[in-house]
Q: 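Mind looking over this structure? Questions follow.
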2 protein chains.
Amino acid sequence: MEEEKETLKSRKVITIGIVSELTGLSVRRIRYYEERKLIFPERTKQGSRKFSFSDVEALMDIANKIEDGVQTHEIRREMARRERGLTDREVRDQMLKGQLRAHFGETRS
Amino acid sequence: MEEEKETLKSRKVITIGIVSELTGLSVRRIRYYEERKLIFPERTKQGSRKFSFSDVEALMDIANKIEDGVQTHEIRREMARRERGLTDREVRDQMLKGQLRAHFGETRS
DNA sequence: CGTGTAAGGAATTCTGACACG
DNA sequence: CGTGTAAGGAATTCTGACACG
């Protein structure tokens, strides 16, 4: 049984408009990153997205990687690797490869 | 110069609808407590209120006192006393008096 | 692939006011 | 005094789609 304790940082209480102001990202981009499974906001009864401070942090990291040319697909993989418990060393190594691919403009990744 | 550092708890990022869900208080009551100077939400550019987790906590305390028959005016005073740096002992003493007034249904307070 | 935009609808929020008590 | 409600308007959010590249 996995118990996740609710912290101030993990509670989903921020609407997308405020997240947009906090991160500087457009609402469109935030929705897109959710679509690509990079963030997982909750929903209000009506259906509006609710984010946490952790999500805000994650979004800023994502934005930086996107700027570096890393594709959402790659970012998604990095997350998966971390979840599997790889060491920081291994993850950094994988990330470096991603960066190199980005810089050399590889067609397929 | 008073410097206030922004913590996760003090950042104003929650809209009134979510605060309502979090506290169980009606939107009307939350707005009223602001009117009575018990809470101080910030505003978005457009004018919507933004609350912090601290505000949410404060609202729950306020709600409890209201249930006990304490008037907003009294609650406001308790806050003022705390801001002035009274000891917990003194504040508790003052609060007790307020409770008593409430229980005995005093006309003027 | 990543992101902007126009489209149409539904729900939110705001203020000032009237009601009741 | 504390809180509900109807009123009218403005801004938000949602989804699916078309555009560009």
Side-chain angles (χ1 to χ4, degrees), chain A residues 12-51 55 59-77 98 101-109, chain B residues 12-51 55 59-77 98 101-109:
Chain A
K12 310 278 190 174
V13 297
I14 315 176
T15 53
I16 197 167
I18 293 180
V19 171
S20 177
E21 293 175 357
L22 256 30
T23 61
L25 302 179
S26 68
V27 165
R28 175 68 167 98
R29 290 180 67 181
I30 298 170
R31 291 197 186 116
Y32 180 64
Y33 298 149
E34 175 192 23
E35 186 185 314
R36 302 317 309 274
K37 311 287 187 186
L38 302 183
I39 48 175
F40 308 90
E42 291 181 356
R43 299 279 180 150
T44 62
K45 295 179 182 179
Q46 187 268 1
S48 290
R49 273 164 272 249
K50 293 186 296 184
F51 303 79
D55 291 326
L59 281 168
M60 297 183 87
D61 286 346
I62 292 169
N64 285 328
K65 290 175 184 170
I66 293 288
E67 283 179 53
D68 290 343
V70 182
Q71 295 187 196
T72 57
H73 194 241
E74 271 305 307
I75 299 175
R76 179 83 185 94
R77 292 192 182 189
R101 267 198 291 280
H103 282 295
F104 285 108
E106 200 172 321
T107 310
R108 287 268 149 209
S109 61
Chain B
K12 311 277 189 174
V13 298
I14 315 176
T15 54
I16 198 167
I18 293 180
V19 170
S20 177
E21 293 175 357
L22 256 30
T23 62
L25 301 178
S26 68
V27 165
R28 176 68 167 98
R29 290 180 68 183
I30 297 171
R31 290 197 187 116
Y32 181 65
Y33 299 148
E34 175 191 25
E35 187 185 316
R36 301 320 308 275
K37 312 285 187 186
L38 302 183
I39 47 176
F40 307 91
E42 290 180 357
R43 299 279 180 149
T44 62
K45 296 179 180 177
Q46 188 268 5
S48 291
R49 273 164 271 249
K50 293 186 295 183
F51 303 78
D55 292 327
L59 281 168
M60 298 183 86
D61 286 347
I62 292 169
N64 285 329
K65 289 175 182 169
I66 293 288
E67 282 179 54
D68 291 344
V70 182
Q71 295 187 195
T72 58
H73 195 240
E74 272 305 309
I75 298 174
R76 179 84 186 92
R77 293 192 182 190
R101 267 198 290 281
H103 282 294
F104 285 109
E106 200 172 319
T107 311
R108 288 269 147 207
S109 61

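Below, read A as the first sequence line, B as the second, and so on, with proteins coming before strands; counting in each chain starts at 1. This structure is a prediction, so every number in the text was calculated from the model and none was measured. Note that these values count all heavy atoms, side chains included, but never hydrogens, waters or copies made by symmetry.
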Q: Could you give the distance from CD (A:Glu67) to CD1 (A:Ile62), rounded to the nearest 0.5 Å?
A: 12.5 Å

Q: Between protein and nucleotides 3-15 of chain D, map the contacts as a letter string: B base, S sugar-phosphate only, - none, heavy atoms under 4.0 Å, written 5' to 3'.
A: BBB-----S-SBB

Q: Side chain of A:Lys12, backbone of A:Asp55: donor and acceptor closer than 3.5 Å?
A: no

Q: Looking at A:Glu34, A:Glu35, A:Glu42, which hits salt bridge (Lys or Arg N to Asp or Glu O under 4.0 Å) with A:Arg49?
A: A:Glu34

Q: From A:Arg77 CZ over to A:Glu74 CD, what is the distance, rounded to the nearest 0.5 angstrom?
A: 5.5 Å

Q: Compile the donor-acceptor pairs under 3.5 Å between side chains in residues 20-27 of chain B and protein atoms, sequence neighbours left out, one pair per line.
A:
{"residue": "B:Ser20", "atom": "OG", "partner": "B:Leu25", "partner atom": "O", "Å": "2.6"}
{"residue": "B:Thr23", "atom": "OG1", "partner": "B:Val19", "partner atom": "O", "Å": "2.8"}
{"residue": "B:Thr23", "atom": "OG1", "partner": "B:Leu25", "partner atom": "N", "Å": "3.2"}
{"residue": "B:Ser26", "atom": "OG", "partner": "B:Arg29", "partner atom": "N", "Å": "3.1"}

Q: Toss me the dot-bracket line for DNA chain C: Watson-Crick and G-U wobble, both under 3.5 Å, 5' to 3', using | for pairs to another strand and [ ] for crossers.
A: .||||.||.|.|.||.||||.

Q: Could you report the tightest heavy-atom contact between A:Phe51 and A:Ile39, atom names first, then the distance?
A: CE2-CD1, 3.9 Å

Q: Rounded off to whole Å, could you give me the CD1-to-P distance for the B:Ile39 and D:dG2 pair?
A: 14 Å

Q: Which residue is it: A:Val13, A:Thr44, A:Ile16, A:Ile14? I am looking for the one with a side chain to side chain contact (heavy atoms under 4.5 Å, CB included) to A:Lys50.
A: A:Thr44

Q: NZ of A:Lys65 versus C1' of C:dG2: gap in Å, rounded?
A: 17 Å

Q: Could you tell me whether the side chains of B:Tyr32 and B:Arg36 share a donor-acceptor contact shorter than 3.5 Å?
A: yes

